[in-house]
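What follows is one structure encoded as C-alpha cells, with my remarks underneath.
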Protein chains: 2
Amino acid sequence: MGDEDVVLLDFWPSPFGMRVRIALAEKEIKYEYKEEDLRNKSDLLLKMNPIHKKIPVLIYNGKPVCESLIQVQYIDEIWPHKSPLLPTDPYQRAIARFWGDFVDKKIYDLGRKVWTTKGEEQEAAKKEFIECLKLLEGELGNKAYFGGENLGYVDAVLVPFYSWFYAYEKCGNFSIERECPKLIAWAKRCMEKDSVSKSLPDQDKIYDFVLHLKKVFGIE
Amino acid sequence: MGDEDVVLLDFWPSPFGMRVRIALAEKEIKYEYKEEDLRNKSDLLLKMNPIHKKIPVLIYNGKPVCESLIQVQYIDEIWPHKSPLLPTDPYQRAIARFWGDFVDKKIYDLGRKVWTTKGEEQEAAKKEFIECLKLLEGELGNKAYFGGENLGYVDAVLVPFYSWFYAYEKCGNFSIERECPKLIAWAKRCMEKDSVSKSLPDQDKIYDFVLHLKKVFGIE
C-alpha cells in the first residue's frame with residue numbers, strides 16, 4: 001500500500017469523524033490526521049468539501065469523500081479484504097444501512113438537545129433519546145456486536161456517541177446505563193478493541209468540551 | 001422470477017415512493033402497489049415499518065426494507081443484471097451516494113418551505129432551493145444523466161421532485177426553468193423514459209394536492 005495517500009480532515013470531538021477513524025483502524029490503514037479549527041476552516045477543507053464545508057473529509061489519493069456514513073461504506077469498498085464492515089447479504093446490508101441512517105437522524109440531534117435545553121424540552125429530549133437507544137438495544141438483541149460476532153458498520157456508526165454519554169448524563173442528570181444496560185455493555189465491549197478505544201476521546205474531555213461550548217453559546 | 005413476491009406500500013404524491021417505483025420499473029420488476037391512507041395507516045405498514053411508520057416500504061418475499069435511498073440501493077443489489085443504478089467504481093459510488101444524500105437533506109424540506117411559508121421566509125427558501133438546484137446542475141454538467149449515458153441512482157432519487165416543481169412555482173411565484181434551464185432539460189429527458197413518466201404523477205395533480213394540503217393545514 002506504499003502509493004496510497006490517505007488524509008482525514010477531522011475535529012477531535014466529532015462523533016462523525018470518530019466513525020471514520022474506527023473504520024480506518026479496523027482496516028489497519030495508515031493515514032494523516034489533520035485537525036481542523038472549525039472557526040477558521042482550512043483552505044483544504046473548503047476546497048475538498050465545498051458543498052457542506054464540514055468535517056470529516058476523507059481524501060484518498062487526492063480525491064475527497066464527504067459524509068461519514070458514505071465514508072465508512074467507501075472505506076469498506078476500497079479495502080474489502082480485512083474486517084468487512086457491511087454484511088455481504090443484500091438484505092442484511094439494507095438493514096445495517098437502515099440502522100446507520102437511524103443513528104444519523106436521531107442520536108446526535110437528541111443528544112445535543114439534552115445538553116442545550118432545560119425543563120420540559122430537556123425532559124422530552126431525554127425521553128426520546130432513551131427510546132431511540134432502547135430501539136437500538138432491541139436491534140442488538142443478544143449479539144456481541146450489531147455486526148454479529150465482529151464489529152461492523154452499525155457499531156462503527158453508533159459507538160462514537162458513547163464518548164458523549166457522560167456529558168449527556170451530567171447535563172441531563174440521568175443514567176443511560178440504568179435505562180439501557182445492554183447497550184452500555186455493548187459499548188464497553190467495543191471499547192475493548194483498540195480500533196475503537198484509540199479512536200474515541202476520553203469521556204471527561206468531551207464533558208469539558210461541552211462545558212466550554214455551553215459558555216460559548218451562553219447556555220447556563 | 002416466478003417465486004418473487006414484491007410489494008410496495010406507497011402514497012401516490014410521495015417523491016420518496018416515486019424513487020422506488022422508478023428503480024423497480026428500470027429493472028422491469030413486477031410488484032403489487034398498495035396505496036396507504038396516511039391518516040389511517042394499515043396494520044401492514046405499522047408492522048413492516050414499526051420504527052418510522054412511514055411509506056414507502058418495499059417488501060420482498062415478506063421482508064421489509066425502509067427508507068427510499070436504501071430501497072433503491074437494495075433493488076440495485078438484488079437485481080444487479082439489468083439497468084445498474086449505482087456505478088461499479090467505489091469512488092463514483094461514493095459520489096453518487098453523496099448527491100443522493102444531498103437531495104434527501106435539502107430538496108424536500110426546502111420545497112416544502114416554498115409552499116408552506118410566505119414573505120421573507122418564503123423568499124429565503126426559494127433562494128436556497130435554487131442554489132441547491134444549481135449545485136445539482138453543476139454536478140450534472142454536460143452529461144445526459146447524473147448516471148452518465150444512462151439513468152442511474154441520483155437520477156432516480158432527484159427526478160421525482162420534478163412532479164412537484166409546478167406546485168412550488170405556482171405557490172412561490174417563480175420559474176425554476178428560468179433559473180436552472182439545464183436541470184429542467186435533464187428532467188424532461190428523464191421523462192422520455194417510461195420508467196420515469198409512468199412512475200410520476202401529473203404536475204397538475206400534485207398542485208391540486210398541495211392546494212388541498214394548504215386548506216387542511218390552514219395555510220392561505
Side-chain angles (χ1 to χ4, degrees), chain A residues 6 16 20 23 48-54 56-80 86-106 109 128 131-139 153-154, chain B residues 6 16 20 23 48-54 56-80 86-106 109 128 131-139 153-154:
Chain A
V6 185
F16 306 106
V20 185
M48 290 288 153
N49 189 357
I51 306 295
H52 299 303
K53 303 175 180 68
K54 285 181 181 173
V57 180
L58 178 71
I59 310 171
Y60 178 54
N61 289 339
K63 292 192 293 184
V65 171
C66 303
E67 299 293 310
S68 64
L69 293 183
I70 295 169
Q71 290 160 341
V72 173
Q73 290 184 72
Y74 177 63
I75 289 166
D76 203 32
E77 291 186 2
I78 48 174
W79 294 290
L86 277 158
T88 48
D89 172 68
Y91 186 70
Q92 294 305 326
R93 292 166 80 83
I95 298 302
R97 286 183 178 128
F98 174 83
W99 287 108
D101 176 77
F102 177 81
V103 171
D104 238 29
K105 283 179 176 154
K106 297 286 185 178
D109 285 345
E128 196 181 346
E131 280 168 9
C132 288
L133 293 186
K134 281 186 191 291
L135 288 172
L136 286 159
E137 213 172 34
E139 171 61 16
Y153 175 76
V154 179
Chain B
V6 184
F16 306 107
V20 185
M48 290 288 153
N49 189 356
I51 306 295
H52 299 304
K53 303 176 181 67
K54 285 181 181 173
V57 181
L58 178 71
I59 310 171
Y60 178 54
N61 290 339
K63 292 192 293 184
V65 171
C66 302
E67 300 292 311
S68 64
L69 293 183
I70 296 169
Q71 289 160 342
V72 173
Q73 290 184 72
Y74 178 63
I75 288 166
D76 203 33
E77 291 186 2
I78 48 174
W79 293 290
L86 277 158
T88 49
D89 172 67
Y91 186 71
Q92 294 305 325
R93 292 166 78 82
I95 298 302
R97 286 184 178 127
F98 174 84
W99 288 107
D101 176 76
F102 177 82
V103 172
D104 238 29
K105 283 179 175 155
K106 298 285 186 180
D109 285 345
E128 196 180 346
E131 281 168 8
C132 288
L133 293 185
K134 281 187 190 294
L135 288 172
L136 285 159
E137 213 172 35
E139 171 62 16
Y153 175 76
V154 178

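Below, chains carry the letters A, B, ... as their sequence lines are ordered, and counting in each starts from 1.
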Quiz item: What closest approach, in Å, do S68(B) and F16(B) show between heavy atoms, and which atom pair accounts for it?
Solution: CB-O, 3.5 Å
Quiz item: By side-chain contact (heavy atoms from CB on, under 4.5 Å), which residues pair with A94(B), not counting sequence neighbours?
Solution: V65(A), I70(A), Y74(A)
Practice problem: Measure distances from R97(A) to the heavy atoms of chain B and classify the residue's part below 4.5 Å as side chain, backbone, both or neither. | Solution: both
Practice problem: Identify the two heavy atoms, one from V154(A) and one from G100(A), that lie closest to each other, and give their separation to 0.1 Å. | Solution: CG2-N, 4.3 Å
Quiz item: In terms of heavy-atom pairs under 4.5 Å, which option from Y91(A), F98(A), Y60(A) contacts chain B the most?
Solution: Y91(A)
Quiz item: Under a 4.5 Å heavy-atom cut-off, does chain A meet the side chain of I51(B), its backbone, both or neither?
Solution: side chain
Practice problem: Determine the sole option in I59(B), N61(B), L58(B) for which the side-chain contact (heavy atoms from CB on, under 4.5 Å) test with V6(B) is passed. | Solution: L58(B)
Self-check item: Interchain contact, P50(B) with chain A, by part (heavy-atom threshold 4.5 Å)
Solution: neither
